[in-house]
Structures are given as structure tokens and as C-alpha cells.
Protein chains: 2
Amino acid sequence: MRKLVAEMAGVSEATVSRVFSGSDTVKENTRSKVLKAAQELGYVPNELARQLARKKSGNLGVILPYVPKARLFSTYYFYEMLGGISEAAQEHGVNLLLLHRKPDENGNYELLFRQQKVDGLIVLGAREVTEEREELLQMDAEGRPFAFVNQRMDGLEHRAVEADHRRGSFLACAHLLEQGWDKPAFVKGPGDFSNTLDRLEGFRDALPDELKTSHAELQGNYSRTSGLALAEEAASLLRSGIADAFAAANDRMAIGLLQGLKQRGFEAGQDYGLTGFDDSDGARLTDPALTSIAASFFETGREAALIALKVNSTPAAKLPVQLVVRESSLRG
Amino acid sequence: MRKLVAEMAGVSEATVSRVFSGSDTVKENTRSKVLKAAQELGYVPNELARQLARKKSGNLGVILPYVPKARLFSTYYFYEMLGGISEAAQEHGVNLLLLHRKPDENGNYELLFRQQKVDGLIVLGAREVTEEREELLQMDAEGRPFAFVNQRMDGLEHRAVEADHRRGSFLACAHLLEQGWDKPAFVKGPGDFSNTLDRLEGFRDALPDELKTSHAELQGNYSRTSGLALAEEAASLLRSGIADAFAAANDRMAIGLLQGLKQRGFEAGQDYGLTGFDDSDGARLTDPALTSIAASFFETGREAALIALKVNSTPAAKLPVQLVVRESSLRG
DNA sequence: CCGATTAATGTACGCGCGTACATTTTCTCA
DNA sequence: TGAGAAAATGTACGCGCGTACATTAATCGG
């Protein structure tokens, strides 16, 4: 095929290749002859062969956690992230290879590189277990370009892209206090995610000293259902006056809590203050609408892509967060 | 590399290849020798080279519509679909190549095949314009394996995977009537999507003859905002008694409507009946929760993948839908 | 124990490109 | 106008695998 084009254009195959590889130095005249011939013959370079010859797959891999029917994590979160990654990928002319990690199985990330399936890798939702950490450490040692998101792992700080969760939580708590809710409690996620801890600390940061150690905490698992299940406990905190507001570590739990408390006669914004975290789509669907923290997952994904593509070698500072005020936290 | 493995195992390179390509006929003895050698040297076949030699990219392409910051389409919809596609892809050992279509630009789908970037293609949210249709028709003529979803195009019925929207709308409307709302109105999406029409027809199917031509219709664009904007119009329909319920063509519009009507003092389930369509995550977040139609996008994606992988050549019958009753439609 | 089958392995080459190096053409400047 | 430098093109080969075909080893029947 390439040969035919070469003949028709009266040049060598190498020249054809040059034309399509972004000119080294081809005379304008011959370039157009080649393009014309290619056009007529319908020739297009075979990407596979190119990649082999160049020793670059041109793919950016994205590892998604296995999502069983019941969506464990927020759809919103991943889809936004993917959008940001995709944008960066497109700008740099690479393809996106989507890889759903199997339930328990290790990622075997290194393998993807050795097989030349990807040139870079983004791990969304890495499992925070030793095995996983070691695998990532090894990858780093081998000098593979990769990045992960909203997590922290010792010795891999330069691979981590994350929003400033701590500050986000701080903003939420400060806002509650400012609104006159002076006994905010915190709704935690599972303790083995690093950003769960950040969000808790940020919350404490905003608390006056006397409350720093004595505030109430509820334990959820980031699902709406878990929020719903905490409603009874929350209600009794409200009744006993131990708490008059809740800052939840994510929107889904906040929404569940809002719904559960409503069933028990407590209205957010009226009878208690409530904030979520993520500013997900759902935040504006509840009644009252949920005050939340926007962490720009789109940007987070984008940043991660740039690192995995070795465009940004410096790990960006923590990405900014923003308080989005809606009714659930407003007194009145 | 392969050569080293061959030497260490005391066989030829071809035999090494045979071992890794799923045995033709290799003696168990030599197989293990080869595997051992490969293990020790850390050899793994290069996928790129394999693909080139086999003339198969091993990739299933997924075209996503460009999603600007403001999410035009339902995140939920696409993410579910992706999940189904991914499951099928994994089962058949192919990779998923994600491609975001640029804003206006044509897909140039055929090119992806000619470049050997993909072996099959799934188009999510094809634009329903002549250009696009022609491109798809051409692809079909060239015998490329592909599928698209929840749309209809003349001459491409065997490429379309869709849920039974018409029946879904029928169920919604029938349910409203059964609940004693006897003047349901329909909230349409943009008229140039084929399934918008299906949903309207299904709605009519359920109507008693005298209403089939005289029911009210509102025109939205599938966004929540558009639902919100229709609230005033809807309110006057309610006040004048022209309508006492609304079946919306999707959840987002229904949710907007619900919120807008609430502002005007109308409570869903109380003062009027309301159903959505999609059974999105948001349906269970509103107050009252939204009755909706579940169309199993996961399954839809899965089916589409099977067709694009030539596993299922027969286009499946329309996928089943299901009425999910929540409070918004229940008289009470 | 030997020829005829059949199983197992080896040899050789192509897949379609990029690119180092060699060669030819064009340009520069005296 | 011609030597030398620079630009343009051609030649040759490798990227790492799969596989058709040739070759050798194992098996079997008599």
C-alpha cells in the first residue's frame, strides 16, 4: 500500500513515511504529490505498525475500580475525572485505554507497560493495601510514568494528584459555625482512605479549641444508605443538643442523612445545619439543596493525565476547593 | 528477548511463540521449560507486535459525545453504559479505547478502522444529522462491525441496540392513570432524537381514546434547567385543570419540574402525579422521590458491545424496561 | 525391527512502519 | 561557474511477533 503511494507519487517509501510523520524536510512539491497519491488510493498509515516501529503505544491507561451493579463510588466522581483525563489526552494526541480492575485481583500495572499496552497510567481509586502500595512503588522505581488521585502513599507523593480536602472540610465547618451552628459533628467515611482523614482534620481545624476534642463523630461508608442508617443516631444527637449540625465527608452520606432526618421530622437548614463534600449532581436535587464543597474533579483528572504523560513532572500543589452554599446549611 | 528465552529453554523462537499463543501442540515438557525461562528473564510478549502480526488491534472503540463543562447528557446514562460495555469487553479479552468526539467535527469513524486502531466500534449518542447517518451507512457497507445505542436510523436497524422506550412510556402513563390522575400531560425532549418520539408514542398508547389527541404537551430539552423553566407553564395547566399529572421524557426534566412546581406550592404525589424516565441516581434523591422507568443501560451497553464484537450478529429485541414506583406518582 | 503416520519443533519470512546512514540534488558564495 | 555546504531523497534494516512450510522426533502396526 505505502509502496503503491510511493510509486504513484514517484518517490521512495521513506519519503511517504516522512510526509506522514510530520515533515522532517520534504519539499513542498513532493509533499503534495504524496498527499495527492495517498488521497486517491485512500492510504492511511497503520497505527499499529507505527506504534511498533516507534516503540510507543500512544495509549494512556486508566484503571477504574471494579464497579459492581451497586455503584460503590460516586458515578459523578469518576465521570468528571475521566472527562479531565480525556481532555488532556486529546490535547497530547494519545488514546485512552480504559481498564476496569477485577474485584479483588491486583492491578498488575507493571505488566501493562511491559506489554507496551500503555505509555502512561492513571490509577483511579487505588486500593490502600500493602500489596497495591508495593506495586506502585515498584512501578515508580522502574521509572514508569503514572499518577494516582486523591490518595496519599508514603514515598509516592510526586505521583499523587489531589484536591485540598483538608481545606475543603475546613471551609465547610467554618461556614457552619458562621451560620450559628455551634455544635457541628462530623460524618466520617471508612478510615482506610487517606482523604477520609484529611477531611476529618480540616473539620477539626475550623473548630474552636474547646470543641477540637469533644465534637461528635458518626461513622459511615460513603454510601447514601450508610447516611440513611446514621439518621437515628444523628437524631438523638440533635435531640440531646450534643450536635446541631453535620459536616459529612461526602455528598452521598449527607444526602442519606438529610433524607433520614427528614423522616424523623428534622429539616436541614431549619432544625440543623448540613454540608456535604464533592458538589455532586445530587447536591442540587435534594430538598433543601445541599451545601457542598466543589473539588473540581475534572481538573484533578487533567492534572493526573499531565503527570502520567510526563508533561508536568512537578506534582501540582493541592488543587483548590470551593464552598458552594445552598439551603441545607443556611439558618432560617 | 524472545531469543534469549528460546536459548535458555533450548528451543526455537517459534516454539516460544507457540507457548504464549495458546498451545498448538507443544509437548508439556517443553512448555514448562519455556515458561520457566520466560519467568526467569521476565519475558512477556509485546502486545503491539502481536497485534501487528495478527492484524487485529484488540481494541473496541467507544465514541462518547463531547461533554462540555456543563454536562449535556446524563452522566448516569453514559457511565452505566460504559460499565456494560466494559464487562463484555473484558469477557472477550479486548481493550476499551475511549474516544471523545470533538464538538462539531464528524466522527470519521471509518478512519479508526483503516488505521487499525479498533476492531469494532460503539457509538454512544450519535448525532442525528444526515452527515452522521451517511458515515454510519458507509461503515456498514464496508462491513465494519459496529453498533449504536438508543437511536434509530433507516437501513441500520441491525446496528441499533435500544431499550423499549415506547413500552416504558406506556407503563408510566398507565401507572399515572391507574393512580387516578386522569389528565396526564407529556414533557417532551428535543424532537430530533428518535427515542423522544418513541417515548411520546408510548405515552399516547396508554391514554384512553378521547385523550389521545387532546392531551397537553410541554417541550423541554432533557436538562433539569429546562424542566425548571417549564414549571410556570405546568402550574397553569394544573390550576386550570387541563392536566393533573406529568410524564416526563427523562428524569432530569422531571426533577426540574418537581423543583419548580414545589416553589409554586405544588407537591408531587399530593397535588399532581409525576413520572420520569431513566431511573437515574437522582430519582431517589428528590423529595418526594421520583417514580421512573428503569431501562437497564448497563445491559444496553453490553448488548452493543456484543454486536460490535460480532458475538451477537442478531440485533437483540428491544431490551425490557421496568416501572419503578416511588412517591411522586402515588396519590396520597 | 522397519516403514508409514502423526506429533513436535525449526526455518524463514512478512506484518507496515520509522529512521540511521548513504546518496543525490539544490543552494550558497566567491 | 564551481567547490563546498545544506537540503532532499533513497536504501536497508529492525521493531517483536505469528505462521506457512520444511524438517525431525515419536508412535504404531505388522
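As the structure is a prediction and not an experimental result, all values here were calculated from the model. Hydrogens, waters and symmetry mates are skipped; everything else that's a heavy atom, side chains included, is used. Order of the sequence lines fixes the chain letters, A, B, ..., with proteins taken first and strands second; residue numbering starts at 1 for each chain.
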For atom NZ of Lys56(B) and atom P of dG16(C), their distance in whole Å
14 Å
Do any side-chain nitrogens or oxygens of Ser12(B) fall under 4.0 Å of OP1 or OP2 in dT11(C)?
no
Begin with the C-alpha distance, continue with both residues' side-chain angles, and end with the deciding distance and a verdict on side-chain contact (heavy atoms from CB on, under 4.5 Å) for Leu136(B) and Phe146(B).
CA-CA 9 Å; Leu136(B) 293 178; Phe146(B) 75 99; 3.8 Å; yes
Arg114(A) CZ to dC17(D) P, straight-line distance once rounded to whole Å:
12 Å
Taking the side chain of Ala14(B) as heavy atoms from C-beta outward, which of dG16(D), dC17(C), dT11(C) is closest to it?
dT11(C)
Residues Glu132(B), Val123(B); criterion side-chain contact (heavy atoms from CB on, under 4.5 Å); working and verdict:
CA-CA 11 Å; Glu132(B) 181 105 7; Val123(B) 183; 4.3 Å; yes
Rounded to whole Å, how long is the line connecting atom NZ of Lys3(A) with atom C1' of dG10(D)?
15 Å
Atom NZ of Lys27(B) and atom C1' of dG10(C) are separated, to the nearest Å, by 14 Å
Hey, what's the ring geometry for Tyr77(A) with Phe297(A), parallel, tilted or perpendicular (30° and 60° as the breaks)?
perpendicular
Does a side-chain N or O of Arg2(A) approach OP1 or OP2 of dG16(C) to a distance below 4.0 Å, or not?
no
What residues, two or more places apart in sequence or in another chain, satisfy side-chain contact (heavy atoms from CB on, under 4.5 Å) together with Gln39(A)?
none
So, does Ser17(A) get its side chain near the phosphate of dC17(C), meaning an N or O under 4.0 Å from OP1 or OP2?
no
Lys117(B) NZ to dG16(C) P: how many Å, rounded?
18 Å
Residue pair Ala53(B)/Glu28(A) against DNA chain D: nearer the 5' end by closest nucleotide is Glu28(A)
Got a sec, which residues hit salt bridge (Lys or Arg N to Asp or Glu O under 4.0 Å) with Lys33(A), two or more places apart in sequence or on another chain?
none
Taking the nucleotide of DNA chain C with the closest heavy atom to each, which residue, Gly10(B) or Asn46(A), is nearer the 5' end?
Gly10(B)
OP1 or OP2 of dG18(D) under 4.0 Å from side-chain N/O of Ser21(B)
yes
Among the candidates dT9(C), dA20(C), dG10(C), find the nucleotide nearest to the side-chain atoms of Arg18(A).
dA20(C)
Looking only at dG18(C), dT9(D), dG10(C), the nucleotide nearest the Thr25(A) side chain is dT9(D)
Using whole Å, what does the distance between atom P of nucleotide dT19(C) and atom CZ of Arg54(A) come to?
7 Å
For dG18(C) and Arg50(A) - does any side-chain N or O of the residue sit under 4.0 Å from the phosphate oxygens OP1/OP2?
yes
Taking CG from Leu52(B) and C1' from dG14(C), how many angstroms apart are they, rounded to a whole number?
9 Å
Side chain of Thr15(A), heavy atoms from C-beta onward: which of dA26(D), dT9(D), dC17(C) has the nearest atom to it?
dT9(D)
To the nearest angstrom, how far is Gln51(B) atom CD from dC17(C) atom P?
15 Å
